[in-house]
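Note that ligands are numbered from 1 as they come in the structure, with each ligand's atoms numbered from 1 the same way.
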Amino acid sequence: MLRGLARAAAPALRALRARGSGSWAGVPAHVVDLRSDTVTRPGPAMRRAMAEAVVGDDDYGEDPTVRELQEEAAELLGVERTLFVPTCTMANLISVMGHCRRRGSQLLLGQDSHLHVYEQGAVAQIAGVHSEPLPDLPHGTLDLAGLERGLTRGLGSRYHPVCELVCLENTHSSSGGRVLPLDYLRQVHLLARTYGARVHLDGARLMNAAVALRVPPAHIVQHCDSVSLCFSKGLGAPAGALVGGRADFMEEAWRLRKALGGGMRQAGVLAAAALVGLADAQQVLLRDHENARQFAKGPGSGLQELASPFCSVDPSAVETNMVMVTLDGLPPAELCQRLQAVSAEEVAQTGRAVRVLLFPWTARAVRAVWHRDVSAQDTELALRKWEFVLGQLGR
Ligand SMILES: *Cc1c(COP(=O)(O)O)cnc(C)c1O
């Protein structure tokens, strides 16, 4: 569904990129890119850190900047060791392979989770692991009774796959960046342990969760056996992720990274960017969350206060850097197209030409994502553009 919708919006986005932001009747067009927090570009400080990074051959364990990142991250996450890898997709795959040593092992996870939907089914096609997807509840959690059924069904049976692992996602992307409650994490970990399984946390946006809960990330990670974290989302680095866990698990993770082709040489240039991302995380993510909240509900004016019959938003569901907008009688692809287009009427009416970029998310919703390249002023401009587009539709 999402793929079809994204394809529908693709020609317009391609044309837009080819043109640059452009101008309209002498008014330069201003672009506010809310498609994803992956679109950030490294700023001057990050580029300087990358240029000046001290490097070595990380395959020999000799890159001081990678080592610094791995040590600092281990401390921050409260794990014995971490390993720098190219992407969070690889971090998740390494984790699944590290926990599920037997082909045909079973993995329980949310049916809308990133690992299940967006990672090429790598756990099946590469790791030989069988996934049992469970329904994701609106808050991003899984039903504990359903989880217990999944964990126990194969126990003592020669007919069922053996459940080795539960994968959770925090923040939970498909629910709109919801934060998993600490008590839920504790309960899932206890259940898994009771039945001999482990818990991996897809923490691509773990830092968003920690900032939203106002706890150190280690408070979250303590309830898991392994964790992944992505540097190229809200932390703003151009590439990179990590896996964290116990020393024996990480020893195996190193071998798996090698097997998957994820070993890098002078990777310190990337680790340097990740270190800047971590250092800035608290400040940047707090601001992103504030901007997302502001967009949804104000104070002053927010999408909720526009009170359009075409769309609705639940401000209480805005916990981090994402806003889900539910549409009524308006196809998501059409809304996205109208938000990114500029017209003479817009310039005449508002004195501005603003392109707001968004992806359709489901058949009835669009998702907007805040990140370090979207300021409070951009947020205000995006909202005014929504107001203009909704006003046009209302006539
Ligand atoms: C983006 C993302 C990933 C994968 O990260 P890449 O670095 O793009 O491979 C995994 N899980 C979640 C929840 C994500 O949002």
Side-chain angles (χ1 to χ4, degrees), residues 2-3 6 34-42 69 73 82-97 107 109-123 125-127 131 133 136 139-142 165-180 185 199-210 212 217 220-221 224 226-244 256-257 260-262 264 267 270-271 273-274 277-278 281 285 288 292 319-324 359 361 367-372:
L2 172 63
R3 204 159 4 112
L34 302 176
R35 287 173 299 165
S36 172
D37 45 8
T38 57
V39 300
T40 56
R41 279 168 286 205
L69 173 66
T82 71
L83 186 68
F84 189 52
V85 297
T87 63
C88 198
T89 299
M90 188 182 285
N92 285 336
L93 180 58
I94 287 172
S95 301
V96 170
M97 292 177 82
L107 159 67
L109 79 182
Q111 65 188 13
D112 297 325
S113 64
H114 197 282
L115 229 171
H116 191 55
V117 180
Y118 293 109
E119 300 182 14
Q120 281 299 324
V123 301
Q125 68 162 319
I126 297 174
S131 295
D136 295 90
H139 288 71
T141 54
L142 303 171
L165 185 64
V166 177
C167 288
L168 303 179
E169 187 178 306
N170 198 14
T171 63
H172 187 267
S173 167
S174 73
S175 64
R178 304 296 291 259
V179 179
L180 303 183
L185 291 174
V199 176
H200 168 68
L201 183 67
D202 177 353
R205 297 189 180 85
L206 175 74
M207 297 305 291
N208 292 81
I220 300 173
V221 175
C224 315
S226 63
V227 65
S228 56
L229 183 146
C230 189
F231 294 115
S232 68
K233 299 274 168 78
L235 301 189
L242 61 74
V243 190
L256 290 164
R257 182 183 71 172
L260 295 171
M264 297 182 284
L270 293 174
L278 275 185
L285 300 182
D288 292 348
E319 295 178 343
T320 57
N321 65 328
M322 298 181 190
V323 178
M324 287 287 202
F359 280 139
W361 188 244
R367 187 189 76 163
V369 186
W370 271 259
H371 52 78
R372 63 192 291 154

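Residue contacts with ligand 1, taken as heavy atom pairs separated by less than 4.0 Å, do not involve L115 at all.
Among the atoms of S173, none of the N or O lies under 3.5 angstrom from an N or O of ligand 1. Taking any N or O of D202, backbone or side chain, at least one lies under 3.5 Å from an N or O belonging to ligand 1. Of the N or O atoms in C88, one or more lie within a sub-3.5 Å distance of an N or O in ligand 1.
Counting the atoms of ligand 1 from 1 in the order shown, those under 4.0 Å from a heavy atom of K233 are 1 (C), 2 (C), 3 (C), 5 (O), 14 (C), 15 (O). Applying the 4.0 Å criterion to heavy atoms of R205 picks out, from ligand 1, the atoms 15 (O). When each atom of ligand 1 is checked for a heavy atom of T87 under 4.0 Å away, the hits are 7 (O), 9 (O). The distance from ligand 1 to the heavy atoms of C230 drops below 4.0 Å at these ligand atoms: 7 (O). Those atoms of ligand 1 with a heavy atom of E169 less than 4.0 angstrom away are 13 (C). Each of the atoms 3 (C), 10 (C), 11 (N) of ligand 1 lies under 4.0 Å from some heavy atom of E119. Close contacts between ligand 1 and T89 involve ligand atoms 4 (C), 5 (O), 6 (P), 9 (O) [criterion: under 4.0 Å to a heavy atom].
No hydrogens or angles considered: nothing links the side chains of Q111 and H116 as a donor-acceptor pair under 3.5 Å. For the 3.5 Å distance criterion, the side chains of R178 and H139 qualify, holding a donor opposite an acceptor.
Going from atom OG of S175 over to atom CG of L180 covers 8.0 Å, rounded to the nearest 0.5 Å. A distance of 6.0 Å separates CG of L115 from CG of L109, quoted to the nearest 0.5 Å. Here the straight-line distance linking atom CG of L285 with atom CG of N208 works out to 4.5 Å at 0.5 Å rounding.
Evaluated for a side-chain contact (heavy atoms from CB on, under 4.5 Å) with N92, the options V123, V243, D202 yield exactly one hit, D202. Remark: of the listed residues T320, D37, D288, D288 is the sole one forming a side-chain contact (heavy atoms from CB on, under 4.5 Å) with W370.
The closest protein non-hydrogen atom to atom 3 (C) of ligand 1 is H114 CE1, 3.3 Å.
At least one side-chain heavy atom of S228 sits under 4.5 Å from a side-chain heavy atom of H200.
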